[in-house]
Amino acid sequence: MARLGITYEEVAAAAESITANGEHPSIQAIRNQLGTGSPNTIHKHLKRWRESRPAQLVAAIELPKALTQALHDVIHQAASSARAETQLALAEAQAEADELSSEGELLETERDTLLDQVKEITVENDRQRLLLEQQDQSITKHLADIKREQEAAELARIETAKSRVELEQLRKMVTDLNEQLKASTAALESAKSEAVEAKQQAAVAITQTESERARAADLAQRLVNTEKNMETALKAAREASEAAATYRGQLQGMTDYLAKETKNRP
């Protein structure tokens with residue numbers, strides 16, 4: 001919205017006051033007295049005020065007829081040739097002044113409108129800047145959240161890799177234990193076969209002559225040793241079987257844990 005200018009009444013009152021004090025009511029003098037006002041607006045109102053006062057000015061400066069006639073006779077001859085040109089120049093100057101005053105008022109109106117638009121644009125720019133700052137803060141927060149999630153995902157990936165390595169190690173241990181169990185089982189079967197064979201040989205030796213008792217005793221001792229070896233093999237097989245069961249449980253627990261972590265990971 002354009003600003004309201006000073007009124008004709010304000011300019012006229014100021015001109016009357018300045019004239020009453022014996023001073024010339026110029027544009028600057030009126031502006032100084034009012035403390036505000038555009039020179040173009042003051043010029044327009046001052047011109048109107050002056051045009052409304054010609055009769056008063058004539059009455060105020062009325063001279064005796066004799067003096068007036070004398071003065072008129074003196075200046076009439078010198079001024080007659082230049083009067084028309086002077087009046088024309090004054091008229092042209094006044095017209096130019098009026099035109100400049102009108103253009104000045106239009107320019108001031110446009111200036112005031114532009115100033116109001118600048119204020120509105122400034123307010124809008126401030127609002128947009130505040131929104132941008134808020135958006136920057138939001139983006140910074142989101143980037144920080146994304147970074148934390150990436151770091152958490154990287155830690156989870158590292159832990160998963162470690163778990164996979166441990167799982168492979170456990171699988172290898174189970175495989176080794178299974179091999180040991182197979183070897184112990186084979187040794188046990190071999191021991192059983194040797195025991196059966198020894199018993200058979202002992203039975204044959206008992207039925208043999210007294211001369212072969214020594215051999216029978218030797219075979220009996222071999223049988224005892226074989227049984228001891230068989231007991232040792234059975235014990236080793238049981239221990240291997242128990243260890244394999246333990247590692248199978250650990251392997252199953254680790255497999256379940258990895259499956260749960262993989263399922264919960266986004």
Side-chain angles (χ1 to χ4, degrees), residues 1-62 79 82-156 265-266:
M1 181 181 293
R3 298 178 179 82
L4 296 176
I6 58 176
T7 64
Y8 167 77
E9 288 74 13
E10 292 174 329
V11 173
E16 293 287 353
S17 175
I18 293 171
T19 302
N21 292 331
E23 300 176 359
H24 175 64
S26 64
I27 293 175
Q28 188 61 42
I30 293 174
R31 195 167 188 271
N32 291 339
Q33 181 160 327
L34 294 177
T36 184
S38 165
N40 294 311
T41 304
I42 293 174
H43 168 75
K44 181 180 68 174
H45 294 328
L46 183 59
K47 178 186 175 187
R48 177 181 169 189
W49 175 79
R50 285 173 177 167
E51 291 174 349
S52 68
R53 289 174 50 85
Q56 299 175 7
L57 290 173
V58 171
I61 63 173
E62 186 175 356
R83 183 177 299 142
E85 184 178 352
T86 302
Q87 289 178 349
L88 179 60
L90 288 174
E92 291 177 352
Q94 185 64 45
E96 291 177 357
D98 293 342
E99 184 179 356
L100 291 174
S101 177
S102 299
E103 291 179 356
E105 285 188 290
L106 291 175
L107 290 174
E108 287 176 353
T109 301
E110 293 179 358
R111 180 202 64 190
D112 294 341
T113 302
L114 290 175
L115 287 175
D116 291 337
Q117 292 177 356
V118 168
K119 286 184 179 180
E120 293 176 357
I121 292 173
T122 301
V123 172
E124 180 63 19
N125 286 340
D126 292 340
R127 189 180 71 84
Q128 292 295 334
R129 183 170 62 254
L130 179 60
L131 290 176
L132 288 175
E133 290 176 355
Q134 292 175 349
Q135 290 176 355
D136 288 340
Q137 293 175 357
S138 178
I139 290 173
T140 301
K141 180 178 180 299
H142 286 320
L143 289 176
D145 294 340
I146 291 173
K147 183 178 180 181
R148 285 195 297 271
E149 291 177 358
Q150 290 176 341
E151 291 175 350
E154 181 64 17
L155 290 176
R265 184 171 296 109

Peer 1: When rounded to the nearest 0.5 angstrom, what is the spacing between NZ in Lys47 and CD1 in Ile27?
Peer 2: 12.0 Å
Peer 1: Nearest 0.5 Å, please: how far is CD in Glu9 from OG1 in Thr7?
Peer 2: 4.5 Å
Peer 1: Thinking salt bridges, do Arg127 and Glu124 make one under a 4.0 Å N-O criterion?
Peer 2: yes
Peer 1: How long is the span from the OG atom in Ser26 to the CG atom in Asn32, to the nearest 0.5 Å?
Peer 2: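 Output value for this atom pair is 7.5 Å.
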Peer 1: Can you name the closest pair of heavy atoms from His45 and Ile6 and give their distance?
Peer 2: NE2-O, 3.3 Å
Peer 1: Looking at CD1 of Ile42 and OH of Tyr8, how far apart are the two atoms once the value is rounded to the nearest 0.5 Å?
Peer 2: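 Result: 14.0 Å between the selected atoms.
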Peer 1: Looking only at non-hydrogen atoms, find the nearest pair between Pro25 and Arg50 and report the distance.
Peer 2: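 That closest heavy-atom pairing would be O-NH2, 3.3 Å.
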Peer 1: Among Leu131, Asp126, Leu130, find the one that has a side-chain contact (heavy atoms from CB on, under 4.5 Å) with Gln128.
Peer 2: Leu131
Peer 1: Give the C-alpha distance, both sets of side-chain angles, the deciding distance and a yes or no for side chain to side chain contact (heavy atoms under 4.5 Å, CB included) between Asn40 and Lys44.
Peer 2: CA-CA 6 Å; Asn40 294 311; Lys44 181 180 68 174; over 6 Å; no
Peer 1: Once rounded to the nearest 0.5 Å, what's the spacing between atom CD1 of Ile30 and atom OG1 of Thr41?
Peer 2: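 Here the rounded value is 12.0 Å.
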Peer 1: Give the minimum heavy-atom separation between Arg31 and Gly37, together with the two atoms involved.
Peer 2: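 Arg31 and Gly37 have their closest heavy atoms at NE-O, 2.6 Å.
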Peer 1: Main chain of Ala15, side chain of Thr19: is a donor-acceptor contact present, judged purely on distance under 3.5 Å?
Peer 2: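 Yes; judged by distance alone, with no hydrogens or angles, the pair exists.
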Peer 1: Determine, for Asp116 against Lys119, whether the closest basic-nitrogen to carboxylate-oxygen distance falls under 4.0 angstrom.
Peer 2: no
